[in-house]
Amino acid sequence: MTKMNPDHIAKRRIRMVEAAGAAGCLLLCAVFAGKYLIMPLLSPSHRATKNSVTMQAIEGYMVEGSYLDRNGSLIMGGETPGQEAQAAYPLNYSYAWLLGYYTVSSQSENRFGLRGNLYNYTMFTLDEHDKGATVRMTTDNGLQNFAFSSILAGNEGSVTVIDNDSGAIMCLASQSTTDYDVNDISTFLMSDVPGSQFRRGTYENDPPGSTFKVITSAAALLKAEEEGLDDSFFNYTDTGTYVAEGDAFEIRNYNDYVYGDIGLETALNNSVNCYFANLGNLVGKDRIKAMAEKFLIGTDIEIPFLGKVSSVLDFGAGTPADIAQVAFGQGNTEITPLHLALIGQAIANDGVMMQPYIIESVKMGRIPLYTNIRHKLSNCITHSVDEKLKTIMHSTAVGYGLDEANYGMVYAKTGSAECPDGRVHTYIMGFTKDASFCISSNNSDISYTLYGAAQQLVAYLNALYAQ
């Protein structure tokens, strides 16, 4: 029997120990990776566990990163380690719906608004002073406060303002069933009002009302342009009622007005329901649908760090009665106020809808962690259709008291939507040469109550851009 060399035996034992150690390390790495890297991506509860451990480790010394407006002015920030960031009055109320909160326990994360979506940057990515990254937003503090305090003034609704050239959201003020104070997270977490965490500008989907007549007008103008139709195509004799072929339901004008012989501009100026019900069937479902889809109605629009804006384009069975309902803004089509402002932005921008955004950059000192890249979403309409649409929207705005002498060139359309729950949701959407807007209200029965609010907002925007 051959005796093994003692050195050979020792080397083999060392290799076995090394292999076992390596296997043990790999096993530990696999367990760690599974628990803290892979499972948090797949399971909300595992993510909460991981983030809870992280928060417990840093909350005593972490300083939440600051939020700045488009001018670099402070919206919200922290200076004292371990204490929650604060916003000065009235920013703590006007921005509450936007900023929201982030809290975490071993079982679940509570996230709402920008703070809920940016916590990895502002709370978990710390510099040498243990402060989170700085977020530069596209909003304007003065405009946000003005919209919240003077335009909404405690009434349920929203105000959205978007820069025409870039798509930057300059204002997104919301008022719902309760007031939130971003300095006091308990105002969010302890509310027992159903649906109270409801940012109306981005989440509220209701029929567009007469604002959709802008889409129907665009589809009709494009049809006339492509088919070489003269102005007689737009002529209509209004009797105050309209009954679609194959249906018995009467569509009526507001207050049962009768307008007689009218064309497109007069019809939009006066928001004549019967005219647009008839025009919808003259234009046809396919053209209206194609135009609405160009304006991304029926498509989800993702706004980085803010969330998804959804809409519904629904022609039902596609009968003449269904087409008529959609054409003047009723039926089952749904849209958000922010999307209405985007439609204004596209018309203002020669038919090009830009990607909306509210975060300009996220930086750790001078190091960029995120930078927005501007880009377009859709080519909605041709230049020639855009110019014709602007003409009739301008004369419509003048009828709302937005005359050129006092407000410059303004373009607008109101809408009153009869909602399934009995509410009447009113809007005024439009644009100046610089910015587009939508004011929505849940507490007014008719849209002319928004004329004064629109005049105030346009005057503010003109002064803001003149600076």
Side-chain angles (χ1 to χ4, degrees), residues 40 47-48 50-105 109-145 168-174 180-189 197 199 202 302-307 356-373:
R47 183 174 63 246
K50 174 193 172 185
N51 288 340
S52 177
V53 171
T54 303
M55 183 61 84
Q56 288 175 18
I58 67 173
E59 63 183 349
Y61 61 82
M62 177 268 292
V63 178
E64 183 178 356
S66 298
Y67 288 82
L68 310 178
D69 80 345
R70 65 198 292 262
N71 304 306
S73 299
L74 183 67
I75 300 171
M76 183 178 195
E79 295 297 334
T80 305
Q83 292 188 7
E84 293 177 357
Q86 297 285 295
Y89 178 84
L91 299 168
N92 57 316
Y93 289 103
S94 66
Y95 273 99
W97 300 90
L98 262 180
L99 292 176
Y101 59 88
Y102 175 77
T103 64
V104 62
S105 68
E109 289 181 294
N110 294 304
R111 302 198 303 165
F112 179 67
L114 295 174
R115 294 173 78 199
N117 293 327
L118 285 159
Y119 71 91
N120 263 325
Y121 291 116
T122 59
M123 298 182 187
F124 287 7
T125 303
L126 306 179
D127 64 11
E128 67 272 18
H129 304 295
D130 297 321
K131 184 167 184 175
T134 297
V135 177
R136 184 74 167 254
M137 294 174 58
T138 60
T139 53
D140 181 274
N141 284 353
L143 176 59
Q144 182 78 8
N145 287 338
I169 299 172
M170 298 178 62
C171 170
L172 185 53
S174 178
Y180 289 135
D181 180 351
V182 76
N183 293 339
D184 184 359
I185 292 178
S186 67
T187 61
F188 292 93
L189 300 180
Q197 287 183 13
R199 192 190 312 117
T202 56
E302 191 72 35
I303 303 175
F305 303 110
L306 188 63
Y357 66 103
I358 199 164
I359 302 301
E360 186 69 59
S361 64
V362 182
K363 291 184 178 180
M364 181 65 70
R366 295 185 177 181
I367 301 172
L369 304 180
Y370 169 84
T371 302
N372 177 73
I373 299 175

Residue pairs involving residues 118-145 (criterion ring-ring contact (aromatic ring centres under 6.0 Å, His included); sequence neighbours excluded):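 Pairs touching residues 118-145 that pass the test: Tyr102-Tyr119, Tyr119-Phe124.
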Hey, could you give me the [atom1]/[atom2] distance between [X] and [Y], rounded to the nearest 0.5 Å?
| X | Y | atom1 | atom2 | value |
| --- | --- | --- | --- | --- |
| Met76 | Asn183 | CE | CG | 5.5 Å |
| Ser105 | Gln56 | OG | CD | 9.5 Å |
| Ile169 | Gln144 | CD1 | CD | 10.5 Å |
| Leu172 | Ile303 | CG | CD1 | 7.5 Å |
| Asn372 | Arg136 | CG | CZ | 13.5 Å |
| Glu109 | Asn51 | CD | CG | 4.5 Å |

Test side chain to side chain contact (heavy atoms under 4.5 Å, CB included) applied to Ala168 - qualifying residues, sequence neighbours left out: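 Per chain and number, Ala168 pairs via side chain to side chain contact (heavy atoms under 4.5 Å, CB included) with Thr138, Asp163, Ser166, Tyr357.
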All side chain to side chain contact (heavy atoms under 4.5 Å, CB included) counterparts of Ser174, not counting sequence neighbours: Trp97, Arg199, Arg200
Expected output: side-chain Thr125 to main-chain Asn120 donor-acceptor under 3.5 Å: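 It does hold such a pair.
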Do the non-hydrogen side-chain atoms of [X] and [Y] ever get within less than 4.5 Å of each other?
| X | Y | result |
| --- | --- | --- |
| Leu118 | Val135 | yes |
| Pro304 | Ile359 | no |
| Leu98 | Ile75 | no |

Taking all non-hydrogen atoms of both residues, which atom of [X] and which atom of [Y] are closest, and how far apart?
| X | Y | answer |
| --- | --- | --- |
| Val104 | Ser52 | CG2-N, 3.8 Å |
| Tyr93 | Tyr180 | CD2-O, 3.0 Å |
| Val182 | Gly100 | CG2-O, 3.5 Å |

Salt bridge (charged side-chain N to carboxylate O under 4.0 Å, His left out): pairs with one or both residues in residues 82-93, sequence neighbours excluded: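 As it turns out, there is no salt bridge (charged side-chain N to carboxylate O under 4.0 Å, His left out) pair with a partner in residues 82-93 once direct neighbours are skipped.
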By side chain to side chain donor-acceptor pair (under 3.5 Å) - contacts of [X] (at least two apart):
| X | answer |
| --- | --- |
| Thr139 | Tyr95 |
| Thr134 | none |
| Asp130 | none |
| Asn92 | Asp181 |

Ring geometry between Phe305 and Tyr370 (parallel below 30°, tilted from 30 to 60°, perpendicular above 60°): perpendicular
Any residue meeting salt bridge (charged side-chain N to carboxylate O under 4.0 Å, His left out) with Lys363, in chain and number order, not counting sequence neighbours: none
Partner residues of Glu302 under the salt bridge (charged side-chain N to carboxylate O under 4.0 Å, His left out) criterion, sequence neighbours left out: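 Glu302 satisfies salt bridge (charged side-chain N to carboxylate O under 4.0 Å, His left out) with no residue once adjacent residues are dropped.
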Using residues 58-74 as the side-chain source, report each donor-acceptor pair under 3.5 Å to any protein atom, sequence neighbours left out, with the distance given to one decimal.
from: Glu64; atom 1: OE1; to: Arg115; atom 2: NH2; distance (Å): 2.9
from: Glu64; atom 1: OE2; to: Arg115; atom 2: NE; distance (Å): 3.0
from: Ser66; atom 1: OG; to: Lys131; atom 2: NZ; distance (Å): 3.2
from: Asp69; atom 1: OD1; to: Asn71; atom 2: N; distance (Å): 2.9
from: Asp69; atom 1: OD1; to: Gly72; atom 2: N; distance (Å): 3.1
from: Asp69; atom 1: OD1; to: Ser73; atom 2: N; distance (Å): 2.9
from: Asp69; atom 1: OD2; to: Asn141; atom 2: N; distance (Å): 3.1
from: Asn71; atom 1: ND2; to: Asp140; atom 2: OD2; distance (Å): 3.0

